[in-house]
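Read the numbers this way: they start at 1 and go in the same order the structure lists the ligands and their atoms.
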Amino acid sequence: MLTLRYRRDELMEDHDYAEPQVIAGRRMHGGFLADGSYQPPRTKVRGPAIDAWTKALRDRGGELFDADASLLDGVRLPNVAQQRVLLRNGLGETFWNNLTIIGKIEAKGRLLADITFPDLQDVIVEDISEMAIGHLNEGLLVAHGLDEGGLPDQGIGGHDEMWFVARDLAFGAGAHPDVDPPENIARPDDERRIPELRPEIEGLVSFLANLLLIEFRAELGFSETQAVLRTPDLWGARAEKADEAADIIGRIRTDEEIHVSSLRLYLGEIRACTFRTVDGGTISGAEVIDRFWHDLVRWAVVDKPALEADQQRRVLEERIRAHAEADRVLQEFDAAAA
Ligand SMILES: [Fe+2]
Ligand SMILES: [Fe+2]
């Protein structure tokens, strides 16, 4: 018998850690079991619950929402080789900024813990009380938000703090100035795609789809960051600390797995459900998602990366221009383009 209903406090439960995660004297979320393995926060019950809901969805003939490597497409600037050229030439600020900005974007993810989302049961024909989407406001999105932004008032760091600590291990605290994320490049069109649904329901579904794309694509950037940290000659005497920083990023990547699997599950469940429309009819969840997914993906993997690369290119050229051997560095930088 699968357990498919959970209380909020169950979904928030931590593993019984033998050791909490403490880095440089700061308490972070998650911890280590007696065998030394790292376990993400709030996954003791949430993990098996996601598995149980996934199995139930498959038993009903449904499937997790598809997310494959094609979602990772798009130009990336700088790539790992270019980042290495910059660091080798004493231009570490770009990578420092990268780590700071990721940390600050993670902090914004705490928003998920602070807002109440519309109840999908109001508009879904099927009983969702035994589905993950019936638990979004019952712990699932709070847990997700706390993974990103931590519990600062309890002195427990989440992903934001983990990035900052990793950065300071690699570079030394205060090696470069603090920096804020560039303004998010907003998608130019925000027209309603599913006027059959109340705006806040369309908003929730497209929010979840957007979040899946962001989380799925972030994974690639995180692994590239690890590759740079694990290039010992870039870090000289700090190589061991940079390696420890890469371990921290590895734990963030482990934490993120449940974000991707739960978002694929929510969207898979939504696809298999039927929505009540504002005019008293119905529309299938598959149609709801299909109507905006294609455009959303094109924006995330083609248009937005190109705009971001343009913006980056201007910043990087200016930074390289300030180098005493700017022409040589720029040449090396361009030669390292994939
Ligand atoms: Fe995160
Ligand atoms: Fe995440």
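Residues Glu126 and Thr274 bring a donor and an acceptor atom of their side chains to less than 3.5 Å of each other. Under the 3.5 Å distance criterion, with hydrogens and angles disregarded, no donor-acceptor pair is assigned to the side chains of His259 and Glu219.
Between Ser262 and Ile50, the closest heavy-atom pair is CB-CD1, 3.6 Å.
Summarising the geometry, atom CZ belonging to Phe207 is positioned 9.0 Å from atom CG belonging to Leu263; distances are rounded to the nearest 0.5 Å.
Each protein N, O or S atom less than 2.8 Å from the Fe ion (ligand 1) was counted, giving 4.
Here the options are Glu256, Arg251, Arg110, the test is side chain to side chain donor-acceptor pair (under 3.5 Å), and the partner is His159; only Glu256 passes.
Aromatic rings of Trp53 and Tyr6 (six-membered ring for Trp) have centroids within the 6.0 Å cut-off, being under it.
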